[in-house]
Amino acid sequence: MPTLVIIGAQWGDEAKGKIVDVLGAEARYVVRYSGGNNAGHTVVVADEEFKFHLLPAAILHESTVSILGGGMVICPKGLLDELRRTQERRAALGRLLVSPAAHVVFPYHRLLDELEEEARGANKIGTTSRGIGPAYEDKVARIGIRMGEFVRPERFRRRFCEVLAVKNRLLRMFGHEPLEFDGIFEEYSGYARDLASYVEDTDRLLQDAVDAGDRVLFEGAQGTFLDLDSGTYPYVTSSHPTAGGACLGTGVGPRSIDSVLGVAKAYTTRVGSGPFPTEQDNGDGERIRQQGNEYGTTTGRGRRCGWLDLVALRQSCRLNSMSGLVLTRLDVLSGFERLPVAVGYALDGSRIDQLPTDIEDLARVEPVYETLDGWPDDLQGARTLDDLPRPARRYLEFIAEFTRTPIAILSIGPARDATIVLRPDLIWG
Ligand code: GDP
Ligand code: IMO
Ligand code: MG
């Protein structure tokens, strides 16, 4: 049963897209299981760059089947636009299927995302404004509209009528004018017609694939510390980006997962609000941002940058039961003379070795750093571990020892071939 989950081990944007594209070439099915178009997954092929928000990042491989799983929330317009744009650039793409259990994102979700953020004032989350939180709110409140009913015209009319009445009451409470049924219903019925042929029982398909021994790759979005339960609540997304989410969001059971790879940058970034213990709101952070071109794939916002937080990464390895790490963007650190990494936190005079659950405590921790040597060399040409300068190799060893997790893959540039596989045995279980 060769099944592999690829997740973000930090706060998102760890370069999951690149890794899913590289490993997806060997998979039969590539499945997104959580989130929606809040994600921005970059794939670089020769001198072309693709940014995927809803489409699985392995869609460029014609022989893979790309699946949008039931744990996702899908903006139909966003999906159709992205599909059209990608088809314009590549005539042949992998087949696409959409789970009938995935929820649909409607204009009222986007509107409420903005209104809720405004209402939070100084405590705003800094969401991607894609309506993700409100769409999951409807799912939990058991009034969401799922893809399966969206593509059945009569059913959609009835459900949309019901739900819009509720949403309009809410919009009025926020002081916003109600939305008109006719225009939105007509527009979205068009999207539903265009998407109907993609909707299929993907849970069943994946269960059969697992039984048949086909290779299935689960593509995480966001990152571990943006997880609704395991993340820095309330500064999180509204879904489950962690490895456990792969089961919840696809219908595949936990004992069918063979391998989990956690993608982590060689430093740390975060977009949006919330505590970030190793953040460097100074010249070092700015230098990482410039050297790494750390600007959001979805929103273009400058990412907050800081040193590698090994306390957080070790926790991430444990809670995702990671088989191995994929360390990315090591090249970005070239030129720093010294590289501090957090190996503990101090809180109220005591030393602690994991993230406090309480957000206000987390905001107060002081990282305890160990400082490693940097290297001046440009790493992008390296193709084996031996090509790396000694301090870079030491940096990797330190990470693996501290997190007690082997580094399975190393990425030293955006291109497919800027990838060094260290432990092939950890990839497909
Ligand atoms: P994702 O959301 O986890 O898929 O990551 P993003 O696509 O949002 O951001 C990762 C960025 O890093 C993209 O621009 C990638 O092209 C780029 N990238 C991927 N791997 C590497 C690497 O090893 N080094 C460098 N310098 N850039 C990389
Ligand atoms: P990928 O898959 C980084 C962050 C937002 C905000 C919080 C909640 O590209 O790694 P939401 O719109 O989901 O309600 O926003 O989560 N966020 C991400 N940060 N990468 C992402 O996706 C993210 N998706 C959401 O910035 O702080
Ligand atoms: Mg991203």
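Please read these numbers as outputs of a predicted model, since none were measured by experiment. Because only heavy atoms are used, hydrogens play no part in the values below, and waters and symmetry mates are left out as well, while side chains stay in.
For Phe160 and Tyr188, the distance between ring centers is not under 6.0 angstrom.
With respect to the salt-bridge test (charged N to carboxylate O, under 4.0 angstrom), the residues Arg159 and Glu149 qualify. The residues Asp373 and Arg338 are annotated as not salt-bridged, no charged nitrogen and carboxylate oxygen being separated by less than 4.0 angstrom. Remark: Lys51 engages Glu49 in a salt bridge, criterion side-chain N to carboxylate O under 4.0 Å. A salt bridge is defined here as a Lys NZ or Arg NE, NH1 or NH2 lying under 4.0 Å from an Asp or Glu carboxylate O, and Arg393 with Glu397 fails to meet this definition. Ion pairing between a basic and an acidic side chain is recognised when a charged N comes within 4.0 Å of a carboxylate O; Asp13 and Arg270 show no such pairing. For Arg89 and Glu48, the salt-bridge test passes: some basic side-chain N is under 4.0 Å from an acidic carboxylate O. Salt bridge absent: Arg304 and Asp281 never bring a charged side-chain N and a carboxylate O closer than 4.0 Å.
Screening residues 390-416 for ring pair (Phe, Tyr, Trp, His ring centres under 6.0 Å) gives Trp375-Tyr395 as the qualifying pairs, with residues at least two apart or on separate chains.
Nearest heavy atom pair, residue Ser323 against residue Leu426, reads O-CD1, 3.7 Å. The minimum heavy-atom distance between Pro367 and Ala342, with the atom names listed, is CB-CB, 4.1 Å. Heavy atoms only, all atoms of each residue included: Val260 and Asn320 are closest at CG1-O, 3.5 Å. Contact record, Thr268 with Gln10: OG1-NE2, 4.2 Å, taken as the closest heavy-atom pair. When every heavy atom of Asp284 is checked against every heavy atom of Trp307, the shortest pair comes out as OD2-CZ2, 3.4 Å. When all heavy atoms of Asp227 and Pro241 are compared, the pair lying nearest together is OD2-CD, 3.2 Å.
Counting heavy atoms of neighbouring residues, nucleotides and ligands inside a 6.0 Å radius, atom CD of Glu162 exceeds 12 of them. The number of heavy-atom neighbours closer than 6.0 Å to CZ of Arg390, taken from other residues, nucleotides and ligands shown, is 12 or below. Within 6.0 Å of the CZ atom in Arg318, the count of heavy atoms belonging to other residues, nucleotides or ligands does not exceed 12.
Without hydrogens or angle criteria, Arg146 side chain to Ser99 main chain gives no donor-acceptor distance under 3.5 Å.
Using a 4.5 Å heavy-atom threshold, the side chains of Val30 and Val20 count as touching. Contact check for Leu339 versus Tyr267: no side-chain heavy atoms found under the 4.5 Å cut-off. Put simply, the side chain of Thr278 does not reach to within 4.5 Å of the side chain of Leu308, judged on heavy atoms. Inter-residue side-chain proximity for Tyr235 and Phe276 is flagged as unmet; no heavy-atom pair is nearer than 4.5 Å. Residues Thr202 and Thr250 form no side-chain contact, since every pair of their non-hydrogen atoms from C-beta on lies 4.5 Å or further apart. With a 4.5 Å cut-off on side-chain heavy atoms, Phe218 and Tyr29 do not count as touching. The closest side-chain heavy-atom distance from Thr242 to Ile7 is not below 4.5 Å. At a threshold of 4.5 Å between non-hydrogen side-chain atoms, the residues Met322 and Arg404 do not count as touching.
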Report task. Given side-chain contact (heavy atoms from CB on, under 4.5 Å), test Trp428 with Glu26 step by step and report yes or no. Result -> CA-CA 10 Å; Trp428 288 107; Glu26 301 162 2; 2.7 Å; yes
Query - Audit row: Asp358, Arg364, salt bridge (charged side-chain N to carboxylate O under 4.0 Å, His left out) steps and yes/no - result: CA-CA 10 Å; Asp358 185 84; Arg364 289 187 307 115; over 6 Å; no
Requested in this report: Evaluate side-chain contact (heavy atoms from CB on, under 4.5 Å) for Leu96 paired with Leu55, printing each intermediate quantity in order.
Outcome: CA-CA 8 Å; Leu96 177 70; Leu55 294 179; 3.9 Å; yes
Report task. Please step through side-chain contact (heavy atoms from CB on, under 4.5 Å) for the pair Ser239 and Tyr136, ending with a clear verdict. Result -> CA-CA 7 Å; Ser239 68; Tyr136 280 113; 3.5 Å; yes
Requested in this report: Start with the C-alpha distance between Asp208 and Arg204, add both sets of side-chain angles, then the distance that settles salt bridge (charged side-chain N to carboxylate O under 4.0 Å, His left out), and finish with yes or no.
Outcome: CA-CA 6 Å; Asp208 289 347; Arg204 173 64 198 264; 3.1 Å; yes
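With sequence neighbours left out, the ring-ring contact (aromatic ring centres under 6.0 Å, His included) criterion links Phe225 to Trp11.
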Distance-only donor-acceptor pairs under 3.5 Å for side chains of residues 408-415, two or more places apart:
residue: Ser411; atom: OG; partner: Lys18; partner atom: NZ; Å: 3.0
residue: Ser411; atom: OG; partner: Gly413; partner atom: O; Å: 3.4

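Remark: the Asn282 side chain and the Gln280 side chain contain an N/O donor-acceptor pair separated by less than 3.5 Å. Inspection of the Tyr108 and Asp113 side chains reveals no N or O donor paired with an N or O acceptor under 3.5 Å.
Exactly one of Lys265, Arg301, Arg287 qualifies for a salt bridge (charged side-chain N to carboxylate O under 4.0 Å, His left out) with Glu294. That residue is Lys265.
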